[in-house]
There are 4 protein chains.
Amino acid sequence: MGTSHTRRGNTRQRIQDVALELFAEQGYEKTSLREIAERLEVTKAALYYHFKTKEDIIISLFEDLCRPIDELITWAEGQPRTLETKQELVRRYSESLRSSEALFRFMQENQATVRDLTIGQGFKERMLTLYGLLKEPDAELVDQVRCITALFSMHAGMFAMQNVVGDPEEKREAILRVATELVTAANPPSRRPARPDSAQTASP
Amino acid sequence: MGTSHTRRGNTRQRIQDVALELFAEQGYEKTSLREIAERLEVTKAALYYHFKTKEDIIISLFEDLCRPIDELITWAEGQPRTLETKQELVRRYSESLRSSEALFRFMQENQATVRDLTIGQGFKERMLTLYGLLKEPDAELVDQVRCITALFSMHAGMFAMQNVVGDPEEKREAILRVATELVTAANPPSRRPARPDSAQTASP
Amino acid sequence: MGTSHTRRGNTRQRIQDVALELFAEQGYEKTSLREIAERLEVTKAALYYHFKTKEDIIISLFEDLCRPIDELITWAEGQPRTLETKQELVRRYSESLRSSEALFRFMQENQATVRDLTIGQGFKERMLTLYGLLKEPDAELVDQVRCITALFSMHAGMFAMQNVVGDPEEKREAILRVATELVTAANPPSRRPARPDSAQTASP
Amino acid sequence: MGTSHTRRGNTRQRIQDVALELFAEQGYEKTSLREIAERLEVTKAALYYHFKTKEDIIISLFEDLCRPIDELITWAEGQPRTLETKQELVRRYSESLRSSEALFRFMQENQATVRDLTIGQGFKERMLTLYGLLKEPDAELVDQVRCITALFSMHAGMFAMQNVVGDPEEKREAILRVATELVTAANPPSRRPARPDSAQTASP
DNA sequence: TATGAATGAGGTTTCATTCAT
DNA sequence: CATGAATGAAACCTCATTCAT
């Protein structure tokens with residue numbers, strides 16, 4: 001029982017890992033099943049034992065990714081629609097991104113591919129749902145942009161800042177702070193349920 | 001003078017147009033030369049008369065795109081490094097995007113492809129240069145994020161807001177406003193060369 | 001004793017049934033073991049417990065089919081070579097087809113496959129033997145055609161008449177009648193051992 | 001200008017010839033494009049220059065085959081619906097089969113394949129049309145069988161008689177004669193428009 | 001009696017590219 | 001300025017088959 005035959009039921013997992021790695025690195029179309037198989041030291045046919053098609057591999061990755069997002073959405077829908085909730089939503093989202101960095105990078109960099117990938121639609125819907133949870137129903141155009149930018153900046157942030165020096169965790173916190181500011185600015189006091197001690201006038 | 005013989009010599013341009021359209025719609029890898037040729041009602045071989053390789057087509061598109069950016073960089077480098085310059089830089093950049101929406105969409109959605117496309121590097125460098133022009137040399141991490149987000153939001157904005165109703169030009173202005181705010185926030189008075197008439201206190 | 005555990009030991013039979021069904025429906029090559037296994041809700045490997053190869057499955061079907069034919073041949077060879085015997089041979093053959101309709105349909109529609117299937121040769125030989133039992137040794141070319149057509153019509157008849165309305169059993173009888181006529185015509189009185197009461201002259 | 005580069009525009013034809021040969025010999029599914037290409041000493045990709053898919057090759061063969069049949073149908077539909085017309089129809093059909101022997105053999109032996117080949121339906125319809133031209137509208141079941149058998153015997157005849165010695169043309173004539181007899185028997189005098197000099201009584 | 005995991009060979013198809021005309 | 005014909009490489013996928021458990 002050496003090293004290579006002991007891998008019991010973890011092949012499926014290993015395929016997902018390698019696939020994600022390569023998809024993120026080179027893109028979905030440019031990554032061939034041969035490549036994945038070679039890196040795993042199995043045959044292409046073995047991949048097809050675990051996944052019915054190439055698309056199936058990526059779908060399985062998406063599913064893993066979407067679960068936490070769905071939970072987040074469920075949570076937010078059960079909360080009062082206050083600024084605090086929105087800020088917390090952004091915070092939690094930022095955190096869940098941390099564990100799925102590669103996949104988010106993949107999606108960010110392969111939107112054209114993702115778009116017609118069936119499941120891509122599902123992801124887009126979730127983004128729209130999050131967006132709907134961040135913005136007020138009657139928000140002005142600028143505030144809509146702020147909310148969208150907040151979400152996008154969290155997605156794009158990590159790899160857009162690869163050339164910026166610094167501790168990854170610090171970067172994430174900086175990104176989170178900017179996103180939070182955007183959301184906060186998009187929910188001005190005048191639009192929030194009035195509070196007696198807030199006497200500010202809305203910015204024009 | 002029918003419809004099909006009037007196109008004299010403009011074939012090269014037509015190839016670029018159709019290619020960009022398809023690249024933006026489906027991605028670079030998923031768009032085949034056959035498809036481009038068919039839509040133009042010429043043969044694949046005809047494409048090779050005008051472009052040496054498939055990559056050459058995309059390179060030519062990049063070159064057209066980069067020219068205005070280079071001009072913008074040249075202009076900015078000749079200006080004083082004030083907040084006003086930065087705001088104007090953002091404004092001008094936003095405007096030049098307007099005419100190259102498809103190509104920017106393509107780049108935004110096909111980063112993985114663009115990345116190892118030789119010319120992709122060139123584009124990235126230009127982005128870094130713009131970034132360098134927006135941020136102060138000793139900017140804090142948060143302010144770096146603000147500058148990057150400003151740039152990104154302009155790229156991503158247009159198609160991220162496809163499902164938002166409204167006049168495109170109004171949207172662009174909203175995006176520009178948010179980007180400007182981000183840049184402004186990233187260049188707080190305390191960091192700018194002090195001016196006698198600015199009495200604001202820096203935000204902590 | 002649920003539904004799925006009652007099948008004790010009859011798996012082999014069930015494989016044959018499903019395989020025949022699919023072979024007849026789609027052809028041998030186009031039917032994969034995966035398909036058979038799925039329809040049976042077992043794994044492909046289970047098929048290999050019961051049959052050594054895919055061809056083995058079809059061979060086993062042929063063997064079941066050939067047994068009655070062999071009995072028929074044995075019977076016919078023990079009879080006097082009269083027209084009555086031939087007519088009875090056709091009648092009995094028609095009857096034995098009834099219970100193997102699917103397999104005959106398969107053979108009729110997949111001759112190209114059957115041809116190089118080892119056992120296919122065996123079937124062809126049996127057909128030639130039957131043919132030899134129907135025709136007179138010195139039969140004219142036309143009479144040879146009649147005999148061959150008689151056999152073929154019985155094979156092809158059933159599914160060639162799928163779009164003809166009517167009771168299956170009635171159809172079979174009609175086919176049998178035509179086949180009998182052909183055999184009768186192929187064995188004219190002049191060639192049969194003369195009988196005192198038959199005064200017909202041979203047809204030109 | 002040797003032998004191998006002079007083949008100007010005949011490649012398409014050569015593909016059809018070789019494909020038909022191999023399809024008839026081994027069946028459609030068992031014949032790979034590699035095989036066809038190798039026999040032609042071209043690459044597989046060359047086949048795809050001339051035909052969009054493997055199925056396309058066979059479709060083109062069918063089209064060539066169907067043309068004469070369609071002409072025959074058109075002709076027959078313009079004739080009076082007499083026994084003589086039907087006999088002539090059979091005669092002409094037999095003749096047109098002569099030049100398409102391989103394709104008919106292919107169809108006869110690969111019905112399962114042909115069945116779901118789109119164009120297969122078209123062929124079946126033509127057969128039904130021919131059948132409808134041979135039989136009287138209110139024909140009895142037995143007469144319907146006779147007409148079907150007449151058609152089938154012509155299809156199957158040639159290769160079913162491969163082991164029968166004799167001149168091919170003589171064989172064809174013998175088959176034609178049997179087919180004609182079947183059609184004649186299927187159109188008894190009592191069912192034909194009465195003619196003053198035909199005093200026969202109908203057979204029961 | 002059956003399964004889970006894997007393989008090797010081969011299938012059809014598509015692609016970017018070339019070159020004589 | 002463009003085409004018709006072809007190529008070589010590689011893509012995704014399927015199949016029959018094996019074997020340890």
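Residue numbering restarts at 1 for every chain, and letters A, B, ... go by the order of the sequence lines.
Side chain of A:K124 to main chain of A:R115: no donor-acceptor pair is present (N/O by atom type, distance under 3.5 Å, no hydrogens or angles).
When distances are taken from the side chain of B:T43 to each of F:dA2, E:dT3, F:dA16, the shortest belongs to F:dA2. The B:K44 side chain lies nearest to F:dA6 when the options are F:dA6, F:dC12, E:dA6. Of the listed nucleotides (F:dT3, F:dA11, F:dT17), F:dT17 has the atom at the smallest distance from the side chain of C:L33. With E:dT7, F:dA6, F:dA11 as the candidates, the nucleotide lying closest to the side chain of A:R34 is F:dA11. If you check E:dT12, F:dC15, E:dA6 against the side chain of A:Y49, the one that comes closest is E:dA6.
Rounded to an integer number of Å, the gap from CD1 of D:I15 to C1' of F:dA6 is 11 Å. Rounded to an integer number of Å, the gap from B:I36 CD1 to E:dT17 C1' is 14 Å. Straight-line distance from the CD atom of C:E38 to the P atom of F:dT14: 11 Å, rounded to whole Å. Rounded to whole Å, the distance from CG on B:L22 to P on E:dA16 is 12 Å. Protein atom OH of B:Y28 is 13 Å distant from nucleotide atom P of E:dC15, rounded to whole Å. Rounded to whole Å, the distance from CZ on D:R12 to C1' on F:dA6 is 16 Å. When rounded to the nearest whole Å, the span between CG of C:L40 and P of E:dT1 equals 15 Å. Protein atom CD of C:E41 is 17 Å distant from nucleotide atom C1' of E:dT1, rounded to whole Å.
A salt bridge does not link A:E38 to A:K44: none of the charged nitrogens lies less than 4.0 Å from a carboxylate oxygen. We find that D:E109 and D:R105 are joined by a salt bridge, their nearest charged nitrogen and carboxylate oxygen being less than 4.0 Å apart. Under 4.0 Å is where a charged nitrogen must lie from a carboxylate oxygen, and between C:K30 and C:E35 no such pair does.
When each of B:K54 and A:A46 is assigned the nucleotide of DNA chain E with its nearest heavy atom, A:A46 is the one assigned upstream, toward the 5' end. When the nearest nucleotides of DNA chain F are assigned to C:T53 and A:Y48 by heavy-atom distance, the more 5′-ward of the two goes with A:Y48. Residues D:H50 and B:A45 each lie close to DNA chain F; by heavy-atom proximity, the contact nearer the 5' end of the strand is made by B:A45. Comparing A:L47 and B:T31 by the nucleotide of DNA chain E whose heavy atom lies nearest to each, the residue mapping closer to the 5' end is A:L47.
Using the Watson-Crick or G-U wobble rule with both distances under 3.5 Å, F:dA20 pairs with E:dT3. F:dC13 and E:dG10 make up a base pair, with Watson-Crick or G-U wobble contacts both under 3.5 Å. Pairing for F:dG8 is with E:dC15, a Watson-Crick or G-U wobble pair whose two hydrogen-bonding atom distances lie under 3.5 Å.
The side chain of B:S32 places an N or O atom within less than 4.0 Å of a non-bridging phosphate oxygen (OP1 or OP2) of E:dC15.
Expressed to the nearest 0.5 Å, how far CD of B:E21 lies from CG of B:L103 amounts to 13.5 Å.
The shortest side-chain heavy-atom distance between C:F123 and C:L117 does not fall under the 4.5 Å cut-off.
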